[in-house]
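One structure is given here, and the rest of the page talks about it.
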Amino acid sequence: MSEGIVYADVKFKKQQRTEGKDGATASTANDATYSEISIPNAGHNQPSTNTNAGDPDSQEGSKVKPGGYDPVKVVLVTLCFLLMGTVIGLVFLYISNLPTENTELQILQAAYTRNLTDLMIKNRELQELQVKIKDLQEKERAVRQQMEELRKQKTAPSCPTNAGNKDCPKPMNCAKDWEYYEGKCYYFSPDELTWAQSRDECITRGGDLVIIGSLEEQKFLDQKIGTKITTEPEDKFWIGLTDSINENEWLWVDGSSLSTSFWLGNSEPDNWKGNHGEYPDGEDCVRMGEPGGTKEGKSWLDVNCNRTQRRICETKSPL
Ligand SMILES: [Ca+2]
Ligand SMILES: [Ca+2]
């Protein structure tokens with residue numbers, strides 16, 4: 001005996017109640033009809049068994065309701081319900097999160113507005129700082145110009161060795177009647193004294209007879225006094241060099257030894273004592289100067305210290 005699907009259909013017919021004359025109630029009712037359809041396994045086309053075969057009312061009950069228990073439809077319906085539930089859940093979830101997102105957006109907008117305001121304030125401060133920097137730069141430039149002017153006023157100009165240059169400005173850092181050269185001031189006296197008197201007078205003025213330490217200084221002095229002396233042969237200037245302590249041991253007034261000399265010609269110093277020895281002390285002091293200066297500054301001569309000559313005093317520049 002093969003198994004199959006059995007469909008059953010049971011129908012109940014209405015009962016009719018009749019009330020008799022004596023009030024008794026009688027009911028007439030038909031019996032329920034039952035029909036059953038048995039579907040054999042696939043591949044078998046067995047006819048259904050109908051227990052009520054032959055019953056005219058059972059023809060209707062023998063029909064199978066389409067999809068009534070179709071498992072495919074059941075699954076589809078179930079899936080539809082699940083899908084609807086999911087959609088509804090998502091909608092509720094979105095709606096529930098919407099206020100939170102709106103609040104966060106408002107917070108972000110507030111932060112953006114605040115940052116924008118801060119940025120504008122910073123930008124305005126930056127512009128003000130730029131204006132201040134420009135103003136400070138202009139002030140710094142003005143101060144630098146003033147400092148440069150002061151430096152020019154304080155810095156002693158270096159006059160050229162050409163004594164005849166009238167364009168050389170008068171130095172501001174030497175006393176009146178003194179002339180500036182390379183950090184020193186020189187005084188060229190118009191009057192004449194002995195060597196010792198000349199030295200005393202230079203010391204009184206705050207200096208001493210000049211000490212010549214270089215070729216450049218010698219040339220400067222040689223050219224300078226070359227414009228001051230006259231054509232008179234004895235018109236010359238004392239310098240601070242002497243061998244009065246030991247003959248031919250030449251010392252400067254500060255006690256230093258002579259290292260570089262600028263004697264005139266080939267015969268000086270000659271310690272000349274006169275043609276007939278009338279000057280037994282000889283010549284122990286040095287004078288210099290030739291009209292217009294000399295080619296290489298060689299203009300020194302030793303002479304008697306008791307002669308009277310003009311003098312060159314020297315002192316350090318006060319600045
Ligand atoms: Ca001598
Ligand atoms: Ca001499």
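Atom set for the values below is all heavy atoms of this structure, side chains included, hydrogens, waters and symmetry mates excluded. This structure is a prediction, so every number in the text was calculated from the model and none was measured. One-based numbering, in listed order, for ligands and for the atoms of each.
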Ring centroid separation for Trp263 and Trp250, is it under 6.0 angstrom?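 Judged by ring-centre distance (under 6.0 Å), Trp263 and Trp250 do meet the cut-off.
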
Which residues share a salt bridge (Lys or Arg N to Asp or Glu O under 4.0 Å) with Glu283, sequence neighbours left out: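 For Glu283, no residue satisfies salt bridge (Lys or Arg N to Asp or Glu O under 4.0 Å) once neighbours in sequence are set aside.
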
Could you check whether Thr294 and Asp222, counting side-chain N and O atoms only, form a donor-acceptor pair closer than 3.5 Å?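 Short answer, yes.
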
Do the side-chain N and O atoms of Tyr186 and Glu217 include a donor-acceptor pair separated by under 3.5 angstrom?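 The answer is yes; a qualifying pair exists.
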
Check all N, O or S atoms of Asp270 and name the one closest to the Ca ion (ligand 2).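 Minimum-distance N/O/S atom of Asp270 relative to the Ca ion (ligand 2) is OD1.
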
Specify which N/O/S atom of Glu268 comes nearest to the Ca ion (ligand 2), by atom name.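 Atom name returned: OE1.
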
With the threshold set at 4.0 Å, does a side-chain nitrogen-carboxylate oxygen contact exist between [X] and [Y]?
X      : Y      : value
Glu138 : Lys134 : no
Asp191 : Arg310 : no
Glu201 : Arg205 : yes

Using a distance threshold of 3.0 Å, what protein N/O/S atoms lie below it relative to the Ca ion (ligand 1)?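 Asp243 OD1, Asp243 OD2, Glu247 OE1, Glu247 OE2, Asn271 OD1, Glu283 O, Asp284 OD1, with waters left out.
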
